[in-house]
Chemist: 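Quick one: this structure, given as structure tokens, is what I'll be asking you about.
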Amino acid sequence: MTTSDHSAELPDDIAALSYEQARDELVEVVSRLEQGQVTLEESISLWERGEALATRCEQWLDNARERLDSARKAADE
């Protein structure tokens, strides 16, 4: 699956994030949820954002894996 396969599913602000930005924000979201100092509604919103951030991180990693596989294949030829 390529990065473009999921980008339509993500909010624009998340789709524009680099891997590091998405990862750092995801860590922040998880920390806030673990602290338990937010309302139920805030928890749900944070959870949904965390899911989108995790998807964005996965997109970056999948793309990196595809690029490495292509480079290896090219090197073998």
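Quick note: residue numbers are just sequence positions, from 1. Just so it is clear, the values below take in all heavy atoms, side chains as well, and ignore hydrogens, waters and symmetry mates.
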Chemist: Are the side chain of Glu77 and the backbone N or O of Ala74 linked by a donor-acceptor pair below 3.5 Å?
Modeler: no
Chemist: With sequence neighbours excluded, tell me which residues meet salt bridge (charged side-chain N to carboxylate O under 4.0 Å, His left out) with Asp69.
Modeler: Arg72
Chemist: Checking Glu42 now: which residues fulfil side chain to side chain donor-acceptor pair (under 3.5 Å) with it, not counting sequence neighbours?
Modeler: Thr39
Chemist: On a heavy-atom basis, which atom in Leu10 and which in Ala52 lie closest, and how many Å separate them?
Modeler: CD2-O, 3.6 Å
Chemist: Would you say Arg56's side chain and Ala15's backbone share a donor-acceptor pair under 3.5 angstrom?
Modeler: yes
Chemist: For the CZ atom of Arg23 and the CG atom of Leu61, what is their distance to the nearest 0.5 Å?
Modeler: 10.0 Å
Chemist: Hey, are Arg65 and Asp62 close enough for a salt bridge, meaning a charged N less than 4.0 Å from a carboxylate O?
Modeler: yes
Chemist: Considering residues at least two apart in sequence or located in another chain, which fulfil the salt bridge (charged side-chain N to carboxylate O under 4.0 Å, His left out) criterion with Arg49?
Modeler: Asp13, Glu25
Chemist: Linking Ile, Leu, Val, Met, Phe, Trp and Tyr by side-chain heavy atoms under 4.5 Å, what else ends up with Leu40?
Modeler: Ile44
Chemist: For Arg67, what residues pass the salt bridge (charged side-chain N to carboxylate O under 4.0 Å, His left out) criterion, not counting sequence neighbours?
Modeler: none
Chemist: Does the side chain of Arg32 come under 3.5 Å of the side chain of Gln35 through a donor N or O and an acceptor N or O?
Modeler: no
Chemist: If you measure only the distance, is there a donor-acceptor pair under 3.5 Å linking the side chains of Gln21 and Ser18?
Modeler: yes
Chemist: For Val27, what are the other residues in its hydrophobic cluster, where any two members join if their side-chain heavy atoms are less than 4.5 angstrom apart?
Modeler: none
Chemist: Can you name the closest pair of heavy atoms from Leu26 and Gly50 and give their distance?
Modeler: CD1-O, 3.4 Å
Chemist: Counting N and O atoms only, with roles assigned by atom type, does the side chain of Trp60 sit under 3.5 Å from a partner on the main chain of Thr55, one being a donor and the other an acceptor?
Modeler: no
Chemist: Which heavy-atom pair separates Leu53 from Leu17 by the least distance, and what is that distance?
Modeler: CD2-CD1, 3.6 Å
Chemist: Rounded to the nearest 0.5 Å, what separation is found between the OH atom of Tyr19 and the CG atom of Asp24?
Modeler: 9.0 Å
